[in-house]
There are 2 protein chains.
Amino acid sequence: MLMSQSAEPKQLDIVLDRTSPIPLYHQLAHAIEAAITAGELVPGDRLENELSMTSRLGLARPTARQAIAQLARKGLVVRKRGVGTQVLSRQINRQARLSSLYDDLVASGRSPQTRLLSYEIGEARPEVLSCGADIDPGTNFITIKRLRLADGVPLAIMVNHLPDWLSISEADLADGALYALLRSRGINLRVAHQTVSARLMTAEECRLLSDHQPSACMATQRVVYDDTGRLIEIGRHVYRAPHYSLDVSLVP
Amino acid sequence: MLMSQSAEPKQLDIVLDRTSPIPLYHQLAHAIEAAITAGELVPGDRLENELSMTSRLGLARPTARQAIAQLARKGLVVRKRGVGTQVLSRQINRQARLSSLYDDLVASGRSPQTRLLSYEIGEARPEVLSCGADIDPGTNFITIKRLRLADGVPLAIMVNHLPDWLSISEADLADGALYALLRSRGINLRVAHQTVSARLMTAEECRLLSDHQPSACMATQRVVYDDTGRLIEIGRHVYRAPHYSLDVSLVP
DNA sequence: GAGTGGTCTAGACCACAAC
DNA sequence: TTGTGGTCTAGACCACTCC
């Protein structure tokens with residue numbers, strides 16, 4: 001039912017600004033994506049073909065192809081030789097994001113708080129060196145331990161190790177959103193490797209998370225780099241099980 | 001330390017086969033990737049620049065760009081305007097795969113077994129309809145429940161729902177590798193959405209997994225499509241906590 | 001200023017799908 | 001046979017980085 005052929009491709013009302021510093025292929029991709037998310041194009045609809053689109057918009061074919069290829073990589077459309085380009089179901093379009101728990105809580109309308117439990121600077125600890133990243137042994141790391149609460153309820157214990165050239169101070173951590181802080185410093189988080197496992201809480205975790213009986217928790221470890229390959233963060237987080245689930249989109 | 005500039009870009013010994021049906025940009029990307037994984041290019045090395053590479057190999061620039069852009073998207077190299085293209089650390093190159101537990105066990109040298117607990121065909125159950133995928137209510141689904149063991153030890157309980165047009169029979173499931181089976185039918189698994197959470201086992205899970213005391217488990221739910229947007233599988237799996245961890249690479 | 005990648009053009013020919 | 005996307009060429013100009 002998804003791939004029912006609509007007989008006629010839909011022409012979109014697209015306006016390109018050639019004076020803008022934004023690349024044309026990006027403007028085009030954005031316009032098509034907007035039409036899809038706005039429901040102007042629904043799953044199964046066929047896009048206007050490349051030749052028609054390029055002549056109508058006054059573009060060269062490779063420019064339009066670059067835009068559409070981007071959407072195909074994102075899983076918004078499928079391209080089939082001899083057939084055309086079709087819009088895919090919105091359900092499969094969610095992308096894996098490198099989001100923080102803080103952002104997730106804000107997005108879901110809850111009010112997160114953060115309590116800084118400890119802040120230390122020192123040489124890389126064994127658990128940092130053993131995380132799989134290649135680390136210059138001389139590098140100093142800032143180690144922070146924080147408790148995250150949502151609407152007053154303890155949710156997670158977060159231990160983060162950050163290279164000290166980032167110069168993150170205790171004051172920087174006051175408002176709690178570590179990834180927002182990094183982004184504001186012009187760091188583009190690029191690729192992360194994350195391991196997730198489940199286990200019973202330790203007694204200390206139980207105490208910090210105000211659980212009276214030991215229950216299950218989710219333990220994550222992530223290694224985050226920036227787009228130039230610099231190691232930015234190693235995080236070991238423990239989440240109260242019933243209060244948190246991890247959403248991941250996999251692209252094989 | 002990672003981004004130390006090597007003064008001289010390294011010229012690779014690349015042979016392209018213009019009679020091959022494999023696209024030139026793909027041959028080139030593969031050759032460069034092979035040089036990186038073989039250690040011929042090490043992290044921090046600079047790639048030969050585009051103009052030199054294209055004139056040396058007799059290619060047009062867009063062709064070479066397409067190859068290098070592919071590697072940049074995979075996180076193998078970084079490109080910087082005015083600087084060049086550098087090889088990134090191998091540590092961050094692991095990609096999220098849509099792998100099955102079966103493949104993972106084989107890869108780690110253990111011998112997986114699968115026991116089929118139940119096999120039913122019927123209309124979509126509520127838990128299928130509520131999974132977030134848009135499903136034609138009339139579609140029939142095959143529901144299978146399996147127990148996965150590694151070296152004789154129960155590891156996971158797996159419940160899968162598959163649309164019946166796939167015509168998966170009980171016999172098909174004998175050797176256990178569901179994803180391998182799907183691939184052999186020419187289905188390209190494309191995008192999945194997966195939710196992971198931790199909780200305590202239920203009594204029945206405890207019994208099936210031969211755990212005498214209730215312990216933590218990891219529960220995953222994944223929705224899998226193919227590259228044309230067809231719904232292929234909905235899976236709800238429960239893993240014994242200490243025996244399994246999920247590896248995920250995130251690309252924001 | 002020299003060297004790099006980023007964008008864009010205006011074509012060409014081919015492979016595949018549908019009719 | 002016609003229409004579609006897939007690949008490829010041979011250039012052009014621009015923006016950024018480093019010296």
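Labels below follow one simple rule: chain letters A, B, ... track the order of the sequence lines, proteins then strands, and each chain is numbered from 1.
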Separation of [N] [atom2] from [X] [atom1] (nearest whole Å):
{"X": "Met53(B)", "N": "dG3(C)", "atom1": "CE", "atom2": "P", "answer": "18 Å"}
{"X": "Asn49(B)", "N": "dG6(C)", "atom1": "CG", "atom2": "P", "answer": "12 Å"}
{"X": "Ile22(A)", "N": "dA15(D)", "atom1": "CD1", "atom2": "P", "answer": "15 Å"}
{"X": "Ile68(B)", "N": "dG5(C)", "atom1": "CD1", "atom2": "C1'", "answer": "9 Å"}
{"X": "Glu50(A)", "N": "dT4(D)", "atom1": "CD", "atom2": "P", "answer": "10 Å"}
{"X": "Lys80(B)", "N": "dG3(C)", "atom1": "NZ", "atom2": "C1'", "answer": "16 Å"}
{"X": "Arg61(A)", "N": "dA12(C)", "atom1": "CZ", "atom2": "C1'", "answer": "10 Å"}
{"X": "Leu28(A)", "N": "dC8(C)", "atom1": "CG", "atom2": "P", "answer": "10 Å"}

Validation row: [X], [Y] side chains within 4.5 angstrom (heavy atoms):
{"X": "Leu47(A)", "Y": "Val87(A)", "answer": "yes"}
{"X": "Leu28(A)", "Y": "Thr63(A)", "answer": "no"}
{"X": "Leu41(A)", "Y": "Ile36(A)", "answer": "yes"}

So, is [X] near the phosphate of [N], with a side-chain N or O under 4.0 Å from OP1 or OP2?
{"X": "Arg65(B)", "N": "dG6(C)", "result": "yes"}
{"X": "Tyr25(A)", "N": "dT7(C)", "result": "yes"}
{"X": "Arg79(A)", "N": "dG6(D)", "result": "yes"}
{"X": "Thr85(B)", "N": "dT4(C)", "result": "no"}
{"X": "Thr63(A)", "N": "dT7(C)", "result": "no"}

Is any N or O donor-acceptor pair between the side chain of Arg81(B) and the base of dG3(C) shorter than 3.5 Å?
no
Just to be sure I understand the rule, does Leu24(A) reach a base, reach only the sugar-phosphate, or reach nothing, if contact means heavy atoms closer than 4.0 Å?
sugar-phosphate
Base, sugar-phosphate or nothing for Pro21(B)? Non-hydrogen atoms, less than 4.0 Å.
nothing
Where the side chain of Gln66(A) is defined as all heavy atoms beyond and including C-beta, which of dT7(D), dT9(D), dT7(C) is the nearest nucleotide?
dT7(C)
Side chains of Thr143(A) and His161(A), donor plus acceptor under 3.5 Å
yes
Between Gly82(A) and Arg18(A), whichever has its closest DNA chain C nucleotide further toward 5' is Arg18(A)
Could you check whether any side-chain N or O of [X] sits under 3.5 Å from a backbone N or O of [Y], counting only pairs where one atom can act as donor and the other as acceptor?
{"X": "Arg185(B)", "Y": "Leu166(B)", "value": "yes"}
{"X": "Gln27(B)", "Y": "Asp17(B)", "value": "yes"}
{"X": "Ser52(B)", "Y": "Glu48(B)", "value": "no"}

If you take all heavy atoms of Leu24(B) and Arg18(B), which pair is closest and at what distance?
CD1-NH2, 3.6 Å
Rounded to 10°, the helix from dG1(C)-dC18(D) to dA18(C)-dT1(D) deviates from straight, judged by its five-pair end axes, by 10°
